There are 2 protein chains.
Amino acid sequence: MKKVSIKDIAQMAGVASSTVSFVLNGKARKMRISETVEKRVLEVARTAGYYPNQLAISLRTGKSKTLGLIVENIGNIFFATLAKTIEEEAEQYGYRVVYCSTENNASKGKELISMLSQRQVDGYLITPAPHMEEDIQQLVQLQRPVVLIDRYLPAVEASHVLVNNAEAVNQGMSHLFAQGYREIGFVTVDLDVIQIEQRLDGYIGALSREGIRLNKDIILKIPYTHQREDAIELIASLLKNNPQLDALFFATNYLGILGLESINRLKMSIPDDIAVISFDDHDIFRLYPPGITSIQQPVEAIAKKAVALLMDQCENTEIKFDKREVELTAKLIVRGST
Amino acid sequence: MKKVSIKDIAQMAGVASSTVSFVLNGKARKMRISETVEKRVLEVARTAGYYPNQLAISLRTGKSKTLGLIVENIGNIFFATLAKTIEEEAEQYGYRVVYCSTENNASKGKELISMLSQRQVDGYLITPAPHMEEDIQQLVQLQRPVVLIDRYLPAVEASHVLVNNAEAVNQGMSHLFAQGYREIGFVTVDLDVIQIEQRLDGYIGALSREGIRLNKDIILKIPYTHQREDAIELIASLLKNNPQLDALFFATNYLGILGLESINRLKMSIPDDIAVISFDDHDIFRLYPPGITSIQQPVEAIAKKAVALLMDQCENTEIKFDKREVELTAKLIVRGST
DNA sequence: AAATTTTGCAAAATCGTTTTAGAAGTGTAA
DNA sequence: TTACACTTCTAAAACGATTTTGCAAAATTT
């Protein structure tokens with residue numbers, strides 16, 4: 001079945017295709033198309049089942065009304081929720097979102113940027129993987145609208161919105177101290193991204209503030225590329241080798257989940273044998289007895305702010321670029337695990 | 001910064017744009033372009049940072065190399081995994097995937113189809129919401145490549161791939177019977193979609209096979225639009241009002257999760273007070289003590305098959321449409337909850 | 001040497017829109 | 001009667017690629 005184009009409609013209605021375009025875009029008045037013709041065109045278009053070809057529109061107008069969202073891993077609930085919220089938010093502005101995952105792999109990230117460029121997205125929302133500085137810098141230089149989320153690149157002049165990672169960890173640590181925990185291990189990931197570093201900084205800062213000597217043995221950096229099993233083993237070893245530990249702080253939700261598995265295998269009980277707190281909330285944390293205390297990021301606020309910043313860059317055609325750095329505050333959700 | 005087009009390259013290299021196109025598409029040999037010119041063009045394109053405008057290509061060639069995937073809810077792990085696998089699979093064929101959720105709302109589904117049509121996707125992968133028959137039938141009539149996933153519409157002549165729902169539930173029931181459970185409640189959702197009906201059929205069939213009288217009081221159909229809290233309450237009431245129940249069968253993973261919450265609140269213990277089994281696997285089911293027995297769909301196989309069927313329709317330009325119905329087998333994962 | 005074929009590239013059409021410039025036709029005033 | 005202003009629409013260019021066709025020059029054959 002052949003698709004019906006604006007030309008076909010024009011022919012059927014006995015007018016020029018420009019006339020059809022005017023009518024269909026609600027510019028009939030502005031272009032002084034008579035009501036008779038307007039009605040006829042509208043009717044013909046409706047009965048013929050006409051719908052515009054978005055590709056042609058984008059090509060002609062130079063605007064695809066599409067945003068590119070690059071996250072670390074769309075399978076993770078944090079990014080999935082972020083993506084969904086961003087999508088809903090972008091819809092308000094009349095934009096669609098196409099999303100894709102880097103898996104924290106810079107070369108995949110590079111490909112994705114290039115793919116999105118080819119598809120002429122109007123703007124980019126990116127949670128940058130390590131070593132993506134250059135590619136992102138290039139986007140910025142080409143004056144493409146870009147907003148970084150969840151992390152930023154000190155070397156790149158781009159707007160970004162993230163959470164006050166160090167302060168949030170601090171808050172979590174204060175809670176642990178208040179509950180009487182002193183021997184707190186920190187499980188993080190071996191990734192060179194700013195928000196992970198900030199979380200570690202928060203941990204270190206909190207210890208020193210409390211006058212506790214830093215013990216590097218109870219800081220575990222799990223290689224990002226490790227398999228599930230290996231990671232679970234690493235955490236289990238940490239616990240076995242450091243029986244003095246009374247609490248464990250996980251730097252991300254998937255680490256927390258792995259940790260639960262480790263604790264489970266060691267037949268330790270939460271919070272009696274070990275207290276647990278994790279960055280990023282998760283269904284499991286709410287449900288898993290006795291409930292895992294976590295630090296919840298304001299995903300919705302992050303999404304809204306990021307989209308707003310991006311829209312600002314997209315719609316203001318003038319080159320009035322001003323970098324904006326937004327920091328939102330995370331929220332401590334206290335549950336039975338501490 | 002102005003984007004560089006094929007014309008710019010042509011001008012810079014002192015050739016016609018057609019020549020550039022030939023070179024860049026590897027047709028230099030076929031079109032008998034001299035090596036000198038080829039080298040020059042390639043060099044110019046490289047240094048100018050040229051990349052093709054996918055919109056223009058799609059418009060001209062009539063192929064967008066993009067598939068539309070419509071799922072129920074991309075936030076659900078089952079659909080998220082499905083989407084991701086489909087994406088990876090489609091990539092093998094050189095296709096991109098854009099995905100979106102219906103939230104089981106037919107009018108949203110209609111909009112999504114129309115949006116995807118406007119964007120000229122080459123094919124559609126759809127988990128149809130109730131009442132989407134008409135819109136999908138239209139796609140089929142327009143000869144658009146379509147494959148339904150996870151469910152199908154009896155009234156629509158479209159290829160589909162799903163799991164043997166009834167048989168899988170049957171298998172789960174057999175497992176429960178073998179473990180000695182007899183009073184088995186069934187928690188499902190109030191949705192008119194075929195796979196949900198099939199699951200209920202499986203439950204009813206298993207009971208009659210075992211010679212157990214059907215008790216409608218222990219079949220709970222939760223309205224899809226219910227809030228979390230209401231649903232949890234409903235399940236809790238079911239348990240409270242039917243103390244004879246020794247097992248609960250949940251028809252989907254999110255129902256299972258709600259059920260865990262209910263059981264948790266009633267301070268009942270699994271499997272001593274109540275055994276639990278759920279359709280669709282989930283991280284939580286693996287982790288939640290004592291581990292929740294579940295019926296795992298072969299997501300990867302479903303994705304592969306669906307994409308293969310769709311590709312078949314996309315690439316075979318001739319109208320050799322033959323409807324294919326594929327049924328794959330789900331797998332029972334026995335854990336501590338039964 | 002003339003005729004033919006091959007080589008190597010350019011020109012132009014095309015995809016489906018939007019948008020600018022302007023062409024008829026009608027009415028009005030000088 | 002002419003000039004001018006509206007009204008109502010049309011023609012054509014443009015967006016950035018692909019692809020078919022065309023055509024001069026060089027090479028080969030007769």
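Protein chains get the first letters and strands the later ones, always in sequence-line order, with residue 1 at the start of each. All figures in this text were calculated on a predicted structure; none of them were measured in a lab.
Listed by chain and residue number, B:Lys323 satisfy the side chain to side chain donor-acceptor pair (under 3.5 Å) test with B:Glu325 (two or more places apart in sequence, or in another chain). Remark: A:Asp135 engages A:Lys110, A:Ile113 in a side-chain contact (heavy atoms from CB on, under 4.5 Å) (not counting sequence neighbours). In this view, A:Ala16 and A:Ser18, A:Thr19 satisfy the side-chain contact (heavy atoms from CB on, under 4.5 Å) rule, not counting sequence neighbours. Residues passing the side chain to side chain donor-acceptor pair (under 3.5 Å) test with A:Thr127: none are found, sequence neighbours excluded. Listed by chain and number, the residues in a side chain to side chain donor-acceptor pair (under 3.5 Å) with A:Ser107 are A:Asn105 (sequence neighbours excluded). By the side chain to side chain donor-acceptor pair (under 3.5 Å) test, B:Asp192 pairs with no residue at all, sequence neighbours left out.
In this structure, A:Glu38 places its CD atom 10 Å from P of D:dC9, rounding to the nearest Å. For the pair A:Asp8 CG and C:dT17 C1', the interatomic distance rounds to 13 Å; values are reported in whole Å.
For the salt bridge (charged side-chain N to carboxylate O under 4.0 Å, His left out) condition, the pairs that include at least one residue of residues 76-87 of chain A, sequence neighbours left out, are A:Lys84-B:Glu103, A:Glu87-A:Arg96.
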Along nucleotides 7-12 of chain C, 5' to 3', which nucleotides get a B, which get an S, and which get a -, given that the test is a protein heavy-atom distance under 4.0 Å? BBBBB-
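Among the heavy atoms of the strands lying under 4.0 Å from B:Lys27 are primed sugar atoms or P, OP1, OP2 only; no base atom is included. Using a 4.0 Å heavy-atom criterion, one finds that B:Ser21 contacts the bases of the nucleic acid, with or without backbone contacts as well. At the heavy-atom level, A:Leu59 lies under 4.0 Å from base atoms of the strands shown.
Between B:Glu134 and B:Gln137, every side-chain heavy-atom pair lies at or beyond the 4.5 Å cut-off.
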Sequence neighbours excluded and cut-off under 3.5 Å, please list the side-chain donor-acceptor pairs for residues 146-155 of chain B, or say none.
residue	atom	partner	partner atom	Å
B:Asp150	OD2	B:Gln195	NE2	3.1
B:Arg151	NH1	B:Pro128	O	3.1
B:Arg151	NH2	B:Glu72	OE1	2.4

All N/O donor-acceptor pairs, side-chain side in residues 51-59 of chain B, below 3.5 Å, sequence neighbours left out:
residue	atom	partner	partner atom	Å
B:Asn53	OD1	B:Leu55	N	2.8
B:Asn53	OD1	B:Ala56	N	3.2
B:Ser58	OG	B:Gln54	O	3.0
B:Ser58	OG	B:Lys63	O	3.4

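An angle of 80°, rounded to 10°, separates the two end axes of the helix from C:dA1-D:dT30 to C:dA30-D:dT1, each defined over five pairs.
DNA chain C lies under 4.0 Å from no heavy atom of any residue of residues 47-54 of chain B.
Counting heavy atoms of neighbouring residues, nucleotides and ligands inside a 6.0 Å radius, atom CD of B:Glu327 exceeds 12 of them.
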